[in-house]
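The residues of the chain are indexed from 1 along the displayed sequence. Computed from heavy atoms alone, side chains included, the values below leave out hydrogens, waters and symmetry copies.
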Amino acid sequence: MRKEGGDNAFEKAGSLPPLTFLHIRLTISHIISCVHAHNSREVRAITPHDHELLVQSMSEFRYIVFGRFASSILRTFKDSDYSLAQVASLFILDEQGELAIKQVAGLLDRSVSATSRLLDQLASRSMITRREDEQDHRAKRVAITEQGRELIEALQLLRADVQIEMMEYLAPHEQAEVVRGMVLLANAGKKWRAQHESSTTRTEVSSAT
């Protein structure tokens with residue numbers, strides 16, 4: 001939820017126009033009925049044509065969404081000059097919790113020295129904390145701060161607001177389909193992450209032995 005009275009940069013940049021809730025609100029019963037209707041349909045694999053259409057549609061939608069709130073992002077970062085790698089680091093730490101700098105470097109596909117420098121800049125802005133690893137005093141561990149988490153949350157809420165605003169141009173049953181699709185994608189993402197993390201852990205254990 002948005003924090004009232006917050007002083008993070010996104011709030012200073014200004015918010016989006018109020019959404020017309022009556023147009024985008026979906027009742028639970030409506031969503032459930034659409035879910036049942038979809039479950040009764042024949043299930044088929046994604047065809048090459050579906051794949052091409054999906055890629056094209058996602059690209060077009062993301063281009064429109066980015067154009068809608070790009071100015072807010074630029075206003076937010078104009079005084080901070082965050083790099084893409086730094087923002088990605090905040091997302092990683094927000095999702096995975098405290099990590100060693102070496103782990104962050106691996107996830108960013110960057111050298112440890114380059115990653116350490118960009119994390120130093122985030123630490124100087126109080127976006128992350130750094131501490132010595134208790135098991136290996138030569139290594140450092142980093143974690144996102146509440147201030148850094150507020151920045152990520154504001155960015156996510158801003159993007160979600162734009163997407164919901166665009167849903168006003170869909171019929172109620174189409175809005176329900178979008179909601180259901182997003183829930184399914186989120187669940188699929190969680191399954192993928194669990195499987196990916198499990199296989200990565202097995203690889204690390206086998207390498208260690």
Side-chain angles (χ1 to χ4, degrees), residues 3 6-13 51 54-55 58-59 61-63 65-67 69-160 162-163 182 185-209:
K3 299 179 182 293
D7 57 353
N8 62 63
F10 278 104
E11 292 173 344
K12 292 180 181 179
H51 182 270
L54 182 62
V55 171
M58 291 177 67
S59 298
F61 180 72
R62 287 173 179 170
Y63 183 81
V65 169
F66 181 78
F69 73 105
S71 58
S72 296
I73 295 177
L74 292 176
R75 287 197 302 269
T76 298
F77 290 109
K78 67 178 181 180
D79 297 326
S80 302
D81 193 26
Y82 288 97
S83 69
L84 180 59
Q86 288 174 329
V87 175
S89 298
L90 290 176
F91 271 101
I92 289 172
L93 294 173
D94 184 45
E95 178 188 13
Q96 301 199 21
E98 187 181 62
L99 295 173
I101 292 180
K102 183 177 181 180
Q103 291 175 299
V104 178
L107 293 170
L108 293 176
D109 196 21
R110 287 173 169 253
S111 67
V112 174
S113 58
T115 302
S116 182
R117 288 194 296 271
L118 71 87
L119 291 176
D120 281 341
Q121 295 173 352
L122 288 175
S124 67
R125 296 168 179 170
S126 301
M127 292 294 172
I128 65 170
T129 58
R130 290 173 56 115
R131 71 175 182 86
E132 191 175 79
D133 193 309
E134 297 174 354
Q135 305 299 325
D136 184 358
H137 298 302
R138 297 170 300 177
K140 302 293 183 182
R141 299 184 67 83
V142 291
I144 192 170
T145 63
E146 185 60 30
Q147 184 173 338
R149 189 170 286 110
E150 286 180 358
L151 185 66
I152 293 302
E153 180 182 348
L155 178 59
Q156 292 174 323
L157 288 174
L158 178 60
R159 183 175 59 184
V162 173
Q163 293 174 339
M182 291 305 301
L185 281 175
N187 291 336
K190 293 175 183 178
K191 293 178 182 179
W192 176 90
R193 182 174 61 185
Q195 183 178 2
H196 179 74
E197 291 176 348
S198 178
S199 61
T200 301
T201 301
R202 288 195 298 270
T203 301
E204 292 176 349
V205 170
S206 60
S207 298
T209 56

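Each of Leu118, Ile144, Val142 was evaluated against Ser89; a single residue qualifies, Leu118, per the side chain to side chain contact (heavy atoms under 4.5 Å, CB included) test.
Here CG of Asp120 is found 10.0 Å from NZ of Lys140. Values are rounded to the nearest 0.5 Å. Atoms CG and CD, on Leu90 and Glu153 in that order, are 13.5 Å from each other to the nearest 0.5 Å. How far CZ of Arg125 is from OG1 of Thr145: 12.5 Å, rounded to the nearest 0.5 Å. One finds the CD atom of Glu150 at 11.0 Å from the CG atom of Leu157 (value rounded to the nearest 0.5 Å).
Listed for the Ser59 side chain is a donor-acceptor partner under 3.5 Å among the backbone atoms of Val55.
Within the 4.5 Å cutoff, side-chain heavy atoms of Leu119 are placed close to those of Leu122. Arg193 is listed as a side-chain neighbour of Glu95, based on a closest heavy-atom distance under 4.5 Å.
Checked against salt bridge (charged side-chain N to carboxylate O under 4.0 Å, His left out), Arg149 has the following partners two or more places apart in sequence or in another chain: Asp94, Glu146. Residues passing the side chain to side chain contact (heavy atoms under 4.5 Å, CB included) test with Leu107 are Ile92, Gln96, Leu99, sequence neighbours excluded. For Gln156, there are no side-chain hydrogen bond (donor to acceptor under 3.5 Å, both in side chains) partners at least two apart in sequence or on another chain. The side-chain hydrogen bond (donor to acceptor under 3.5 Å, both in side chains) test applied to Glu134 returns no partner, not counting sequence neighbours. Partners of Lys191 according to the side chain to side chain contact (heavy atoms under 4.5 Å, CB included) rule, which considers only residues two or more places apart in sequence or in another chain, do not exist here. Applying the side-chain hydrogen bond (donor to acceptor under 3.5 Å, both in side chains) criterion to Ser111, with sequence neighbours excluded, gives Ser113. Ser126 meets the side chain to side chain contact (heavy atoms under 4.5 Å, CB included) test with Gln147; sequence neighbours excluded. Residues passing the salt bridge (charged side-chain N to carboxylate O under 4.0 Å, His left out) test with Arg141, sequence neighbours excluded: Glu98, Asp133.
Within the structure, no pair that satisfies the salt bridge (Lys or Arg N to Asp or Glu O under 4.0 Å) test touches residues 100-117, not counting sequence neighbours.
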Hey, mind stepping through Gln163 and Met182 against side-chain contact (heavy atoms from CB on, under 4.5 Å) and telling me if it holds? CA-CA 12 Å; Gln163 293 174 339; Met182 291 305 301; 5.6 Å; no
